[in-house]
Amino acid sequence: MSEGYSILVDTSKCTACRGCQMACKQWNQLPATATKNWGSYQNPQDLSADTWKLVRFADGLNGNGKVYWHFFTDQCRHCLSPGCMGAAEKDEIVQDEKTGAVLFTPKTKDLDFKATLEGCPYNIPRQDSKSKQLFKCTMCFDRISNNQIPACVKSCPTGTMAFGERDKILEMAKKRVEELKKSHPKAAALNAGDVRVIFVVKDDPKKYYQYAAGK
Amino acid sequence: MTRWQPWLLEAQPELFVEMSPQLAGELGIKNGDRVKVASIRGEVECVAMVTPRLRPFKVAGKVLHQVALPFAFGWLMPKSDKNYSTNQLTPGVGDANTMCPEYKGFMVNVKKV
């Protein structure tokens with residue numbers, strides 16, 4: 001399995017239940033932060049050192065006057081060629097050979113956060129203000145190394161998320177996009193060739209989130 | 001029930017009212033503003049969510065606005081004297097035959113705080 005693992009996120013099936021967001025918090029025992037309603041269902045407002053998976057909401061009117069409400073379950077893409085590693089010198093950031101998971105180690109506290117963040121096309125890495133360490137999704141490395149699927153995938157009730165060997169996930173993504181194209185000509189699998197976490201969308205990715213398809 | 005769970009509280013922290021951009025424009029309300037929603041039975045304070053998902057109706061030639069509030073949002077957590085619940089607004093009337101309560105449709109007034 002030299003190709004490693006991949007995660008498929010078929011946003012066309014997502015109901016924004018936030019099960020994935022919760023499961024990530026629970027598995028990684030991340031603290032809840034104090035939030036206010038800022039005018040959206042999206043909370044916390046952004047990824048942080050304590051929030052590694054966030055459901056982003058975007059509503060608006062299409063050109064034909066119809067309403068859209070897109071849900072984008074943002075997380076680290078675990079790129080094949082991680083841009084975040086560009087600013088790393090030694091082994092602050094590690095890419096696991098077997099699974100392909102890109103992992104931030106505690107040594108990330110010595111990295112230039114700004115440079116690391118700028119290297120990421122998807123606006124993912126976040127810094128803990130106290131320890132200065134960088135945090136993001138780990139692809140549940142501890143789970144996948146023990147024959148379990150990531151917590152978010154496990155919790156998803158609609159089948160939006162799937163986890164498996166990369167070639168199988170790529171095949172699933174391709175099939176799903178073909179199916180969606182019949183009713184949604186803009187359907188696409190975002191950056192499927194560059195990332196391990198592949199988002200399938202049925203509309204212009206910028207409508208979901210500014211960095212959904214990268215910078 | 002769920003308001004005691006910190007991760008759930010983080011994801012949906014407080015009461016909100018969804019309204020159309022048209023109504024928000026008439027009342028001078030921006031997305032995220034604190035507003036007061038009042039019915040004949042009570043008044044709550046909450047956050048306005050201005051969204052195109054709600055649209056004004058045209059009924060018998062008049063424009064009718066609809067707002068939407070979530071139910072059964074408890075007021076115990078987070079600990080604050082500014083916690084409100086839609087249940088403070090709802091009418092205690094029931095269908096004469098089934099005694100099913102009519103909680104879901106009633107008149108309210110909305111104004112910016």
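Below, chain A is the first sequence line, B the second, and so on; all start at residue 1.
- With respect to the salt-bridge test (charged N to carboxylate O, under 4.0 angstrom), the residues A/E165 and A/K168 qualify.
- Proximity to chain A is limited to the backbone of B/A48, based on heavy atoms less than 4.5 angstrom apart.
- A tilted orientation is assigned to the rings of A/F72 and A/Y209, their planes being inclined by 30° to 60°.
- Heavy-atom distances place no part of A/L54 under 4.5 Å from chain B, backbone and side chain included.
- If you measure heavy-atom distances from B/L9 to chain A, the contacts under 4.5 Å come from the backbone alone.
- Taking the six-membered ring for Trp and the full ring otherwise, B/F16 and A/Y41 have centroids separated by under 6.0 Å.
- Contacts of A/T158 classified as side-chain hydrogen bond (donor to acceptor under 3.5 Å, both in side chains), with partners at least two apart in sequence or in another chain: A/T160.
- For A/W69, the part sitting under 4.5 Å from any heavy atom of chain B is the side chain, from C-beta outward, and nothing else.
- For a residue to count as touching a neighbouring chain, one of its non-hydrogen atoms must lie under 4.5 Å from one of that chain's; by this rule A/S40 touches chain B with the backbone only.
- Listed by chain and number, the residues in a side chain to side chain contact (heavy atoms under 4.5 Å, CB included) with A/P121 amount to none (sequence neighbours excluded).
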